[in-house]
2 protein chains.
Amino acid sequence: MNQIRRDVFQAISDPTRREIIDLLSVKTLNLNNVADHFTMSRPAVAKHIRILTECGLVTVRTQGRETLCQADLRGLKQVSDWANSYQKFWTEKLDALEKFLDEDMIPED
Amino acid sequence: MNQIRRDVFQAISDPTRREIIDLLSVKTLNLNNVADHFTMSRPAVAKHIRILTECGLVTVRTQGRETLCQADLRGLKQVSDWANSYQKFWTEKLDALEKFLDEDMIPED
DNA sequence: TGTAAGTGAAACCATACGGTTTCCAAAAAA
DNA sequence: TTTTTTGGAAACCGTATGGTTTCACTTACA
């Protein structure tokens, strides 16, 4: 599993990883805790978690013999911002108005 | 390029496809118009566009000898909604509370 | 009519991806 | 001390991915 492109968009493209994100968004878990939610092997889950850590969505810290996995989903803001920049495509009815107001309405956090 | 998983998340995971999305969000273009923006070959771009059409983000219609590619980014709402469901992770206000609650929820086993 | 433009499709390629099994090491519990 | 829990690491595998080149077919135009 050599990775070259390792960004948030690629990280969330896998459904298993999105599920892991969801699990960890609720509660910090160790590796086995996470793996228990899946039918796949523990090493497979470990690899997914590693990918998530490589783009910063998950942080890991060792506590005794356990590897605690904690979500840090601030990186998803990038995804939200990107998708929202095309919001006019699903906000119907306001199309013309949206276009007109677009310059002034971009929420610059 | 046989595709099995073909959903929006996977479609937007490739930077080239996000760039194509951006191009088409501004203006409908034919295949060569799109390919002119990239250094890769036209067939490569055509494959990316096909992936985008397979998840509904781009629609294609033939006009004479041209293949017009038009963005239909309503499917990105799914991405926006998903990312926004974790919005608390980058909303500063609740940060401290979140961390506090999380610390108490670490499984001890 | 001949030729250029625009594209689809096929064959091919290297490597990334998602998964497995196996083995080993350290920490905790018996 | 022995055994169990937890997980890292390596080797391996089939397939998906992202790209290429080549060829053929329409459509438009001179």
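So that the names make sense, note that chain A is the first sequence line, chain B the second, and so on, each numbered from 1.
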Quick check on dT6(D): is either OP1 or OP2 less than 4.0 Å from any side-chain nitrogen or oxygen of Thr67(A)?
no
Rounded to whole Å, how long is the line connecting atom CE of Met40(B) with atom C1' of dT21(D)?
16 Å
Kindly point out which of dT7(C), dG18(D), dG19(C) is positioned nearest to the side chain of Leu31(B)?
dT7(C)
Proximity to the side chain of Glu66(B) - top-ranked nucleotide from dG7(D), dG6(C), dG19(C):
dG6(C)
Does His48(B) put a side-chain nitrogen or oxygen below 4.0 Å from OP1 or OP2 of dG19(D)?
yes
Nearest-Å distance, NZ (Lys47(B)) to P (dA9(C))?
12 Å
Partner set under salt bridge (Lys or Arg N to Asp or Glu O under 4.0 Å) for Arg74(B), not counting sequence neighbours
Asp72(B)
Please give, in whole Å, the distance from dC17(C) P to Leu52(A) CG?
13 Å
Give the rounded distance in Å between these two atoms: CZ of Phe38(A) and C1' of dG19(C).
14 Å
Asp81(B): which residues meet the salt bridge (Lys or Arg N to Asp or Glu O under 4.0 Å) condition with it, sequence neighbours left out?
Lys77(B)
Between C1' of dA10(C) and CZ of Arg50(B), the distance in whole Å:
12 Å
Does Thr91(A) use its side chain to pair, donor to acceptor, with the backbone of Gln87(A) at less than 3.5 Å?
yes
Any salt bridge (charged side-chain N to carboxylate O under 4.0 Å, His left out) pairs touching residues 57-67 of chain B, not counting sequence neighbours?
none
Show, in sequence, the C-alpha distance, side-chain angles and deciding distance for Cys55(A) and Asp7(A), and conclude whether the side-chain contact (heavy atoms from CB on, under 4.5 Å) test is met.
CA-CA 6 Å; Cys55(A) 69; Asp7(A) 57 50; 5.8 Å; no
Output yes when at least one side-chain N/O atom of Asn32(B) is less than 4.0 Å from OP1 or OP2 of dA5(C), else no.
no
Let me know the distance between CD1 of Ile51(B) and P of dT17(D), rounded to the nearest Å.
7 Å
Please list, chain by chain and in numerical order, all residues satisfying side-chain hydrogen bond (donor to acceptor under 3.5 Å, both in side chains) with Asp22(A), sequence neighbours excluded.
Tyr86(B)
A correct 5'-to-3' footprint of nucleotides 22-30 of chain D, with B, S and - meaning base, sugar-phosphate only and no protein heavy atom under 4.0 Å, is -----BS--
Could you check how far CG of Asp36(B) sits from P of dT7(C), rounded to whole Å?
10 Å
Using a heavy-atom cut-off of 4.0 Å across all strands, would you classify Ser41(A) as base, sugar-phosphate, or nothing?
base
Once you round it to whole Å, what is the distance between P of dT15(C) and CG of Asp14(B)?
18 Å
Could I get the full list of side-chain hydrogen bond (donor to acceptor under 3.5 Å, both in side chains) partners for Asp36(B), not counting sequence neighbours?
none
Between dA16(D) and Gln10(B), is there an OP1 or OP2 to side-chain N/O distance shorter than 4.0 Å?
no
